[in-house]
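Please read the structure below before turning to the comments.
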Amino acid sequence: MSGPADSIEIQNVVASTGIGQELDLEALADDLPGADFNPDNFPGLVYRTQDPKAAALIFRSGKIVCTGAKSIDDVHEALGIIFDKLRELKIPVDDEPEITVQNIVSSADLGHNLNLNALAIGLGLEDVEYEPEQFPGLVYRMDEPKVVILLFGSGKIVITGGKRTDDAETAVEEIVERIDALGLLG
Amino acid sequence: RLRKWQERIRTKDAGERNLQFALSEVDRMASALGVPRSVREVASVIYRRALDEDLIRGRSIEGVATACLYAACRKEGIPRSLEEIAEVSRVERKEIGRTYRYVSQELGLEMRPVDPKKYVPRFSSELDLSKEVQSKANEIIETTAEQGLLSGKSPTGYAAAAIYAASLLCNEKKTQREVADVAQVTEVTIRNRYQEQIEAMGIHT
DNA sequence: GCTTTAAAAAGTAATAT
DNA sequence: ATATTACTTTGAAAAGC
């Protein structure tokens, strides 16, 4: 059966890690082609990988944030490329730095148009933020799994805030159930 | 600890002192908008609650006062758009919107989405449109909204398009620019909403 | 709170053709 | 009048103001 859960696509994964070594970002900015470093604006050095496409924020402490990857595997691959680049520059990097997924952004399609006005009242105004004058999506904060879901009139949705791959799946099943219970799913 | 207690008293006193300023600002903005006294009173009540719940920390008094007035207008059924509110406030639209969402959430105001029909009388009278046009506009909004066309759309743009369509249907044509100006939306938005509404109403032109 | 990164959703706005 | 481009919202981490 192909349900809304099968339409889930991971769009972005944010993860953090650290090489266990302090860095001289000024020197690194010169040695890493394509690195963006503007300490006046932001303390992190920005480095982008092409394949897989991702962006890393490298800090003086040696901690690194990776964002933009389309899967957890891509996060590991992108960070692996960065670790190797640093090693090439004779910078000591821990053998297998621990990588922690901090947030996964996914999109999905419920397959039916949604009456957001009715949904805002049905789901409970206290748990919902729907201000079409400011943003077309209805913001729904779910407790279990602890994620935030953006619902649109087209039935397309965005799930964010989760740390596990299956959070999005659980959330979609849950929101479909709640909307259906209200009789608001086409 | 005693120190913490003293600090609370201090901030509470400061808040009470600033309350006078906040309420005078609400009064000034309300006068500029021409909203009835009941709205100012509701705004004052919301501001006092925000003060009691310590929601003003980290935000400007002016921002919270403006957000409370915006909320009060909606609660009283005579909404003003964020653009209109921002015109009489020294806080920018984006900040007013953010503060409103924060206050609304924290105080559990449970505000319902704005009904576009609430804008029809005011916009129409500014355009000197007849009661027939207003009724027609309301009918268009009612019918198309029931069909789900309203989801995600700005209430002002939706009302503007319906008024524009109704003015054409009732032979009291106003240009898209005239309607766009009073509703403070772009002609493109009116065009887009107008097309959808006309189609949903099964009207051909 | 802010600063920066990335990506989706859909509406609106500003600017270009 | 239409086509781009850009900005609105959500979430999280990093270091520092």
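Keep in mind that the numbers below use all heavy atoms, side chains included, and drop hydrogens, waters and symmetry copies. Every chain is numbered from 1 and lettered A, B, ... according to where its sequence line falls, protein lines coming before strand lines.
Nucleic acid contact for Arg193(B): sugar-phosphate only, since backbone atoms but no base atoms lie under 4.0 Å from a heavy atom of the residue. Contact annotation for Val148(A): backbone-only contact, meaning every heavy-atom pair under 4.0 Å involves sugar-phosphate atoms and none involves a base. Using a 4.0 Å heavy-atom criterion, one finds that Gly152(B) contacts the sugar-phosphate atoms exclusively. Here Arg191(B) lies in heavy-atom contact (under 4.0 Å) with a base. Residue contacts shown for Val13(A) are absent, as no nucleic acid heavy atom lies under 4.0 Å away. Residue contacts for Ser61(A): at a heavy-atom cut-off of 4.0 Å it reaches the sugar-phosphate backbone alone, with no base atom in range.
When the nearest nucleotides of DNA chain D are assigned to Asn12(A) and Phe59(A) by heavy-atom distance, the more 5′-ward of the two goes with Asn12(A).
Donor-acceptor pairing under 3.5 Å is lacking for the side chains of Tyr100(B) and Gln134(A). Residues Arg98(B) and Tyr102(B) have side chains that never bring a donor and an acceptor to within less than 3.5 angstrom of each other.
Going from atom CD1 of Ile19(A) over to atom P of dA13(D) covers 21 Å, rounded to whole Å. Taking atom NZ of Lys146(A) as the reference point, atom C1' of dA12(D) lies 10 Å away to the nearest angstrom. The interatomic distance linking Arg93(B) (CZ) with dC7(D) (C1') rounds to 11 Å, in whole Å. When rounded to the nearest whole Å, the span between OH of Tyr140(A) and P of dG11(D) equals 15 Å. Between the CG atom of Leu57(A) and the P atom of dA14(D) there is a distance of 11 Å, given to the nearest Å. What separates NZ of Lys63(A) from C1' of dA14(D) is a distance of 8 Å, to the nearest Å.
Between dT9(D) and dA13(C), the two P atoms lie 15 Å apart (nearest whole Å). Look at the P atom in both dT8(D) and dT3(C): the space between them is 10 Å, to the nearest Å.
Nucleotides of DNA chain C that come within less than 4.0 Å of any heavy atom of chain B span, from the 5' end to the 3' end, dC2(C) to dA14(C).
Contact annotation: Arg101(B) side-chain N/O to dT9(D) OP1/OP2 distance is under 4.0 Å.
Lys163(A) contributes a side-chain N or O that, together with a main-chain N or O of Gln102(A), makes up a donor-acceptor pair within less than 3.5 Å.
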